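Okay, so here's the structure we're looking at.
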2 protein chains.
Amino acid sequence: MKHLTQNDIGKLDHLYKINLINSCSGYKSANLIGTKSKNNIENVAVFSSVTHLGSAPPLFGFFLRPNTVPRNTYENIKETGVYTINSVHAHNFEDAHHTSAKYDKTISEFDVTNLKSEQKKDFYAPFVHGSPIQMAMKFVEEYHIKANNTILLIGEVQDLYFNENLLENDGYINLSKAEIISINGLDGYTIPSLKTRLAYQRPKQVAK
Amino acid sequence: MKHLTQNDIGKLDHLYKINLINSCSGYKSANLIGTKSKNNIENVAVFSSVTHLGSAPPLFGFFLRPNTVPRNTYENIKETGVYTINSVHAHNFEDAHHTSAKYDKTISEFDVTNLKSEQKKDFYAPFVHGSPIQMAMKFVEEYHIKANNTILLIGEVQDLYFNENLLENDGYINLSKAEIISINGLDGYTIPSLKTRLAYQRPKQVAK
């Protein structure tokens, strides 16, 4: 196997290093986070770090790097307390990827892509029209990660919308039925197919 | 679309709810975390929450629920300061899944599955033999997540090992070449194929 020490990694060219390290932890989720500023400018941006924290209450977290990229998403959430999480799928992943371009905060990504904003009930933040899973989120708390000056932002699900044909009898949502995307590294997109579901595991009998 | 409010979700049966909420954020990474207690008992457990935090320094985080599951992984990391992250692939995902069974801390999951422990250099924690990507990790810091009493544990890569045939010219690791697994929900396993890599995105010209 190829072996790189911490020191070897530190010396790699920037782009090579971010390609490498972004691939090492495996596949990532692909979600569009929708927000709206106090001044009514909508923002939508792709994130690959949305992670399940717990189901009761239903909490998700994601990581932001406010010091290295425009922080529209972060600022809008802090201003308004709300955002949406929308799954990326086979029919919008190229537009989703384009939202990683660094636009000025006066420009909405909904205006420069084919992504369509959708309003639901009186929720302030915009959803992404056509996403098979859409969540209205309320900001709960944030943690400043000292190790690399990033932020973990945590929110709670207020409303959950999903295509009913994805739902199995036991509450499981089959992501592959909606051609939901998974990300490899910074820029690799895949459309997985469900291979198998395994049973809940109990310990085997072990002679002590 | 099917719509569930926060209140609806709260009233769902436990198993239905955890199946549902664990699916909503999309595909997850699949990794085996290897540790060893001070008393030389090895532990290996599957985690679907390993997330990239940054590449310089190379940092990964994952979430633990120390109050609801046996905390062998957490205790071993806090005792010894080190652990390993090993990718799950087509040939070991059933054994990886079995590590979610709740074994007593005196029992090593390496002894009750076909997973084989591997020692590298003088690193204290065990690797999973045959994993296409293996990382030696040093504990950096932890955050207690007040919202649901979980822990975010952050570590830095000390050594990175990977199958060289996965590597592309720009540092990208093609996970699909090693049949690395991605997880849907609590128990759905997939083996994605890379569809496409998209270019770095710059803003389009926009008339203001």
Side-chain angles (χ1 to χ4, degrees), chain A residues 1-4 6 9 16-27 29 49-52 54-55 58-60 87 97-98 100-101 103 107 112 133 140 143 147-148 154 158 160-162 164 170-173 175 182 184-185 187-190 192 194-198 201-204 206, chain B residues 1-4 6 9 16-27 29 49-52 54-55 58-60 87 97-98 100-101 103 107 112 133 140 143 147-148 154 158 160-162 164 170-173 175 182 184-185 187-190 192 194-198 201-204 206:
Chain A
M1 292 181 98
K2 177 85 175 165
H3 173 212
L4 296 174
Q6 183 184 22
I9 295 169
Y16 193 99
K17 177 164 41 188
I18 63 174
N19 277 325
L20 183 74
I21 303 300
N22 269 281
S23 306
C24 290
S25 57
Y27 289 98
S29 57
S49 63
V50 176
T51 305
H52 173 266
S55 299
L59 297 173
F60 293 94
S87 52
H97 186 67
H98 185 67
S100 62
Y103 282 100
I107 293 169
V112 292
I133 305 171
V140 173
Y143 293 87
N148 68 345
I154 298 172
Q158 304 299 292
L160 166 63
Y161 303 88
F162 55 94
E164 199 149 5
D170 60 355
Y172 185 85
I173 293 182
L175 302 173
S182 181
N184 175 173
D187 55 16
Y189 289 80
T190 79
L194 184 61
K195 177 182 167 68
T196 185
R197 290 183 68 191
L198 298 179
Q201 297 293 299
R202 298 180 194 284
K204 300 173 190 171
V206 181
Chain B
M1 293 179 98
K2 177 86 174 163
H3 173 213
L4 296 174
Q6 183 183 23
I9 296 168
Y16 193 99
K17 177 163 44 189
I18 63 175
N19 276 325
L20 183 74
I21 303 300
N22 270 280
S23 306
C24 290
S25 57
Y27 289 99
S29 57
S49 63
V50 176
T51 305
H52 173 265
S55 299
L59 297 174
F60 294 94
S87 53
H97 187 67
H98 185 68
S100 62
Y103 282 101
I107 293 170
V112 292
I133 306 172
V140 173
Y143 292 87
N148 67 346
I154 298 173
Q158 303 299 292
L160 167 63
Y161 303 87
F162 56 93
E164 199 149 6
D170 59 357
Y172 185 85
I173 292 181
L175 302 173
S182 179
N184 174 174
D187 55 16
Y189 289 80
T190 78
L194 183 61
K195 178 183 165 69
T196 185
R197 290 185 67 191
L198 298 179
Q201 298 293 298
R202 298 180 194 285
K204 300 172 188 171
V206 182

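Any value given below was found using the heavy atoms of this structure, including those in side chains, with hydrogens, waters and symmetry copies removed. Letters go in sequence order (proteins before strands), and every chain restarts at 1. Since we're looking at a predicted model, the values are computed, not measured.
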**Message:** Please tell me whether B:Thr51 and A:Thr51 have a donor and an acceptor in their side chains that are separated by less than 3.5 angstrom.
**Reply:** yes
**Message:** If only side-chain N and O atoms count, and only distance matters, is there a donor-acceptor pair under 3.5 Å linking B:Tyr172 with A:Asn184?
**Reply:** yes
Just how far is it from atom [atom1] of [X] to atom [atom2] of [Y], taken to the nearest 0.5 Å?
X	Y	atom1	atom2	value
A:Ser23	B:Ile133	OG	CD1	7.5 Å
A:Leu4	B:Gln158	CG	CD	13.5 Å
A:Gln201	B:Tyr103	CD	OH	8.0 Å
A:Thr190	B:Arg197	OG1	CZ	13.5 Å
B:Ser25	A:Leu59	OG	CG	11.5 Å
B:Asp170	A:Asn19	CG	CG	4.5 Å

For [X] against [Y], the heavy-atom pair lying closest together:
X	Y	value
B:Gly54	A:Ile21	O-CG2, 4.0 Å
B:Pro203	A:Ala101	N-CB, 3.6 Å
B:Phe60	A:Cys24	CZ-CB, 4.0 Å

Top contributor to chain B interface from [options] [non-hydrogen pairs under 4.5 Å]:
options	answer
A:Ile154, A:Leu175, A:Ile173	A:Leu175
A:Arg202, A:Glu164, A:His52	A:His52
A:Thr196, A:Asp187, A:Val140	A:Asp187

Is it the side chain or the backbone of [X] that comes within 4.5 Å of chain A heavy atoms, both, or neither?
X	value
B:Tyr143	side chain
B:Ser87	neither
B:Leu160	both

**Under 4.5 Å from a heavy atom of chain B, the part of A:Leu194 involved** = both
**Message:** Under 4.5 Å from any heavy atom of chain B, what part of A:Phe162 do you find: side chain, backbone, both or neither?
**Reply:** both
**Request:** For atom NZ of B:Lys17, decide whether the heavy atoms of other residues, nucleotides or ligands shown that lie under 6.0 angstrom number more than 12.
**Result:** yes
**Request:** Without swapping roles, check the side chain of B:Lys2 against the backbone of A:Tyr161 for a donor-acceptor pair under 3.5 Å.
**Result:** no
**Fill in**
Looking only at B:Pro58, B:Gly185, B:Ala147, B:Gly26, most heavy-atom pairs under 4.5 Å shared with chain A are made by B:Ala147
